[in-house]
Amino acid sequence: MKYKTVLLTLSLFVTTILVSQNKAFTLEKIWRGTFRTEGLEDLHSMKDGKRYSVFNFDRETRSTSVDIYSYKTQKKIETVVSSKGLLQLNYFTDYVFSQDEHKLLLATEGESIYRYSSRALYFVYDRKTKAITRVSEEKIQEPTFSPDGTKVAYVLENNIYIFDIKTKTTAQITFDGKKNEIINGITDWVYEEEFAFVRAFKWNATGTKIAFIRFDETKVPEYKMTIYGNGLYPTQDAFKYPKAGETNANVSLHLFDIKENVIKDLNVSKAYTDFYIPRFMWTGKADILSVQMLNREQNTLDLWFLDTNTRTSKLVLAETDKAYVEVTDNLTFLEDNSFIWTSEKDGFNHIYHYSENGILKNQITKGNWEVTDFYGYSEKTNTIFYQSTEQGSIYRNVFSINLNGREKKQLSSKTGTNEADFSADYSLFINTFSTTTTPPEFTLNSSKTGALIKVIKDNSSLSTKLSGYNMVKKELSTIDVNGNALNMWMLKPPNFDASKSYPMLMYQYSGPGSQQVADAWHSVNDYWFQLLAQQGYIVTCVDGRGTGYKGAEFKKITQGNLGAYEVEDQIEAAKQLGNLPYVNSNKIGIWGWSYGGFMSANCLFKANDTFKMAIAVAPVSSWRFYDTIYTERYLGKPQDNPKGYDDNSPIEHVEKLKGNFLVVHGSADDNVHLQNTIRLTEALIQANKDFDWLIYPDKNHGIYGGNTRLHLYKKMTNFIHETLGQD
């Protein structure tokens with residue numbers, strides 16, 4: 001009897017292990033955060049280089065706090081501020097220190113505007129007095145401390161204001177701001193989306209001047225979106241959106257002199273007729289402003305130095321390219337006002353050192369690989385810190401190098417994706433490491449040698465949780481397509497049998513300079529791909545020509561002809577993979593979002609003998625409908641390149657549709673307008689083609705909120721089962 005009991009107990013134990021190792025992924029678990037990774041929220045290195053602050057959320061008390069930790073011990077030293085001790089606000093969602101770190105700006109009740117922009121209520125918290133002061137009674141944008149921490153400049157309703165913290169008085173600086181006409185100190189829609197910045201005003205080092213960009217949108221065509229909401233009648237959201245070939249905002253640069261209380265115009269000596277100001281920043285000298293000027297064709301980028309006292313300008317550097325010049329975020333000024341600059345001018349993105357007059361002193365990094373992040377420069381050690389693809393385009397490692405290009409050291413030791421966050425004095429860095437099989441690991445390392453000092457977080461609890469899900473490994477490889485070794489990953493079903501034939505779903509994005517194949521930890525989509533693999537599908541992804549991190553030539557081959565080479569590569573890859581004995585060539589599908597939606601529609605239409613189905617989420621159906629900055633960078637104006645715009649528009653190929661097609665869009669997509677899907681579906685209707693489509697009310701380009709993402713992925717999963725499912 002005992003013997004039987006032992007056997008039964010052992011049997012139950014073994015069965016429990018087997019069941020726990022074979023849990024099925026579900027859409028509910030994926031989209032409700034079951035597999036969320038732990039990280040370090042809003043990390044800020046304190047000035048002394050010994051401590052750092054992070055934003056913490058206490059789920060039990062529903063409170064938020066800013067806490068300071070020791071780099072070396074990883075122990076909490078101090079809670080700077082907690083919402084539990086603040087009567088004026090129940091919580092805050094963001095924080096920024098003043099330069100002297102005596103004060104903080106705290107944000108609450110924030111609301112998103114577009115991709116990067118938002119408005120919120122802001123308070124100044126004084127660490128010494130514990131006093132908290134409201135900056136404005138209204139929700140404001142981009143509040144920024146003056147260098148001495150005594151004032152806060154911000155934007156409200158397209159005008160710039162300065163708030164004096166001590167006197168609690170506010171001065172209005174500009175007065176002509178008006179919605180859909182004039183913007184002061186904040187970028188317009190297209191600058192925010194394509195140049196990826198919102199705050200268009202900057203204090204100088206002494207706090208005596210504010211430089212800002214003014215946008216005159218009066219001649220920019222207006223786009224209107226219907227917002228259905230919950231009322232009896234829908235409303236309309238109208239905003240200025242310049243589509244390819246149309247009029248851009250007229251931008252101008254200005255200076256507010258605090259002492260003189262006057263606004264002055266700032267101009268460069270070169271006559272530009274149609275241009276962008278994608279970046280501007282003060283140099284190492286308090287009165288000299290650097291300005292990057294980009295022509296509308298985006299094949300010439302000029303760097304100017306403006307003397308704001310004499311209001312004279314000097315052209316310091318000019319870059320040109322037969323395709324387009326990438327705008328650099330890495331302009332860094334040294335004590336002598338020489339500067340560090342990154343450029344693709346030798347065919348790969350590298351670091352350069354120029355004199356104050358724009359004379360090349362040294363190309364610091366060289367090779368057939370890309371610098372993918374510039375972390376900064378230490379004056380004390382004369383050392384630059386950067387991230388690159390030196391081990392291969394799907395990997396990232398952290399390096400240091402002397403300003404003269406010598407004494408290069410690899411600071412990260414593991415192969416995969418390494419990202420660094422350096423202390424203010426560059427003596428230490430927190431390295432975030434991951435691979436396709438290793439969730440993010442956070443370690444403290446020496447900036448001199450890269451040596452490990454301490455493990456901070458390793459997401460071991462997530463690893464333990466996932467160990468029960470019988471996850472399949474992403475197989476990283478290359479595939480030879482159209483004369484190129486293209487990066488690829490593949491997921492096979494858990495109990496893969498090479499003698500069987502499986503349906504295959506291809507995923508891609510394919511936009512210029514993008515990357516989907518990398519040795520890095522999962523995005524949320526990857527868990528969905530694991531779910532599909534568990535349900536018997538092969539899932540794969542190929543980065544074709546036009547994607548990034550393989551040099552400028554590979555990336556810019558699509559210039560003037562978006563959707564040609566990229567589609568050719570996906571079709572050829574599908575054909576080659578379809579020839580594998582374990583792939584059912586009659587059941588190959590493809591899907592993508594945004595640019596990927598444009599691609600998947602084109603692949604299904606143009607290769608109706610290769611693809612059985614496609615899903616296009618928020619797709620561009622014609623580049624004529626998209627914005628000036630992005631589209632003209634790669635295609636020029638439609639007036640000058642009509643074939644480049646029309647030959648690869650999915651709308652022009654609807655008559656070729658034979659397979660199953662699902663198109664999805666949000667009705668309030670301010671980025672890729674619903675117009676794209678409406679025009680595409682109308683063309684399909686007039687071609688008498690059957691298709692499925694789904695519109696999400698009042699959802700933007702991300703299509704999220706509440707159960708929206710869960711609903712979307714259920715819809716796509718069911719569509720895949722219906723069209724590619726096993727016989």
Side-chain angles (χ1 to χ4, degrees), residues 39-58 61-71 74-112 116-156 160-170 185 197-199 201-207 210 421-425 430:
L40 300 173
E41 293 283 333
D42 294 329
L43 187 148
H44 163 79
S45 178
M46 306 301 285
K47 288 172 64 176
D48 61 12
K50 311 292 185 191
R51 302 168 299 147
Y52 66 90
S53 66
V54 292
F55 177 86
N56 284 324
F57 173 60
D58 188 322
T61 62
R62 311 300 293 176
S63 62
T64 54
S65 63
V66 177
D67 300 308
I68 293 179
Y69 294 80
S70 163
Y71 271 112
Q74 287 300 300
K75 292 182 178 178
K76 186 166 78 171
I77 299 172
E78 173 190 0
T79 293
V80 178
V81 59
S82 171
S83 62
K84 286 190 294 187
L86 301 175
L87 297 176
Q88 293 89 336
L89 65 165
N90 294 325
Y91 68 95
F92 54 87
T93 55
D94 196 12
Y95 74 97
V96 178
F97 278 98
S98 59
Q99 280 190 24
D100 62 11
E101 298 178 345
H102 293 160
K103 299 184 182 74
L104 293 89
L105 270 168
L106 305 177
T108 188
E109 296 183 33
E111 56 186 50
S112 176
Y116 305 107
S117 56
S118 62
R119 61 176 66 91
L121 297 176
Y122 284 88
F123 294 79
V124 174
Y125 178 77
D126 191 308
R127 294 177 66 186
K128 291 183 178 179
T129 65
K130 312 299 181 186
I132 185 165
T133 306
R134 188 166 180 155
V135 176
S136 170
E137 292 301 313
E138 300 182 70
K139 291 185 178 182
I140 59 177
Q141 290 183 262
E142 300 296 316
T144 308
F145 280 115
S146 60
D148 63 3
T150 62
K151 301 177 181 66
V152 176
Y154 63 87
V155 173
L156 171 63
I160 303 173
Y161 295 76
I162 297 178
F163 174 70
D164 188 297
I165 299 169
K166 184 177 181 180
T167 63
K168 299 182 181 179
T169 56
T170 302
F197 75 106
V198 177
R199 181 164 60 91
F201 70 86
K202 296 182 186 291
W203 291 94
N204 72 339
T206 56
I210 294 178
D421 193 298
F422 284 83
S423 60
D425 63 357
I430 293 176

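Positions are given from 1, in the same order as the sequence printed here. These numbers come from the heavy atoms of this one structure, side chains and all, not from hydrogens, waters or symmetry mates.
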Inset, instruction - For the residue pair Y154 and T170, establish whether any side-chain heavy-atom pair is separated by less than 4.5 Å. - result: yes

Inset, instruction - Show your working on side chain to side chain contact (heavy atoms under 4.5 Å, CB included) between L89 and L121 and close with a plain yes or no. - result: CA-CA 10 Å; L89 65 165; L121 297 176; over 6 Å; no

Inset, instruction - Decide yes or no for V54 and L43: does some side-chain heavy atom of the first lie under 4.5 Å from some side-chain heavy atom of the second? - result: yes

Legend entry - Taking every non-hydrogen atom, the tightest pair across H102 and D100: N-OD1, 2.9 Å

Legend entry - 4.5 Å side-chain heavy-atom contact, Y95 and V80: no

Legend entry - Short side-chain to backbone donor-acceptor contact, E101 and K47, under 3.5 Å: yes

Legend entry - Closest heavy-atom pair and its distance - A153, I210: CB-CD1, 4.1 Å

Inset, instruction - With rounding to the nearest 0.5 Å, note down the distance linking CE in M46 to CD1 in I77. - result: 9.5 Å

Inset, instruction - Return the minimal non-hydrogen interatomic distance between V124 and K103, and the atom names on each side. - result: CG1-CD, 3.9 Å

Legend entry - Closest non-hydrogen atom pair, S98 against G149: CB-CA, 4.3 Å

Legend entry - Check: S70 side chain, K75 main-chain N or O, donor-acceptor pair, under 3.5 Å: no

Inset, instruction - Measure the shortest side-chain to side-chain distance between D421 and Y52 over non-hydrogen atoms and say whether it is less than 4.5 angstrom. - result: no

Legend entry - Enclosure of D42 CG (heavy-atom neighbours >12, cutoff 6.0 Å): yes

Legend entry - Check: T93 and T64 side chains under 4.5 Å, non-hydrogen atoms: no

Inset, instruction - Flag the pair E111 and K139 as a salt bridge only when some basic side-chain nitrogen lies within less than 4.0 angstrom of an acidic carboxylate oxygen. - result: yes

Legend entry - Check: S65 side chain, D67 main-chain N or O, donor-acceptor pair, under 3.5 Å: no

Legend entry - Straight-line distance of L105 CG to D94 CG, nearest 0.5 Å: 9.5 Å

Legend entry - Test side-chain contact (heavy atoms from CB on, under 4.5 Å) applied to Y125 and L104, V66, T133, the passing residue: L104

Inset, instruction - Considering non-hydrogen atoms only, spot the tightest contact between A120 and A107 and give its length. - result: CB-CB, 4.4 Å

Legend entry - Between S45 and Y71, a side-chain donor and acceptor under 3.5 Å: yes

Legend entry - From CH2 (W203) to OG (S146), nearest 0.5 Å: 4.5 Å

Inset, instruction - Could you tell me whether the side chain of L86 reaches within less than 4.5 Å of the side chain of L106, counting heavy atoms only? - result: yes

Inset, instruction - Check each of Y69, F97, F55 against H44 using the ring pair (Phe, Tyr, Trp, His ring centres under 6.0 Å) test, and report the only one that passes. - result: F97

Legend entry - Separation of R134 CZ from K168 NZ (nearest 0.5 Å): 12.5 Å

Inset, instruction - Would you check if I68 and R51 make a side-chain contact, meaning some heavy-atom pair closer than 4.5 Å? - result: yes

Legend entry - Q141 side chain near Y122 side chain, heavy-atom distance below 4.5 Å: no

Legend entry - Distance in Å, N90 CG paired with E109 CD, rounded so as to fall on 0.5 Å steps: 8.5 Å

Inset, instruction - Please round to the nearest 0.5 Å and tell me the distance separating atom CD of E41 and atom CZ of F57. - result: 11.0 Å

Legend entry - Charged tip of R199 within 45° of F201 ring normal and under 6.0 Å: yes

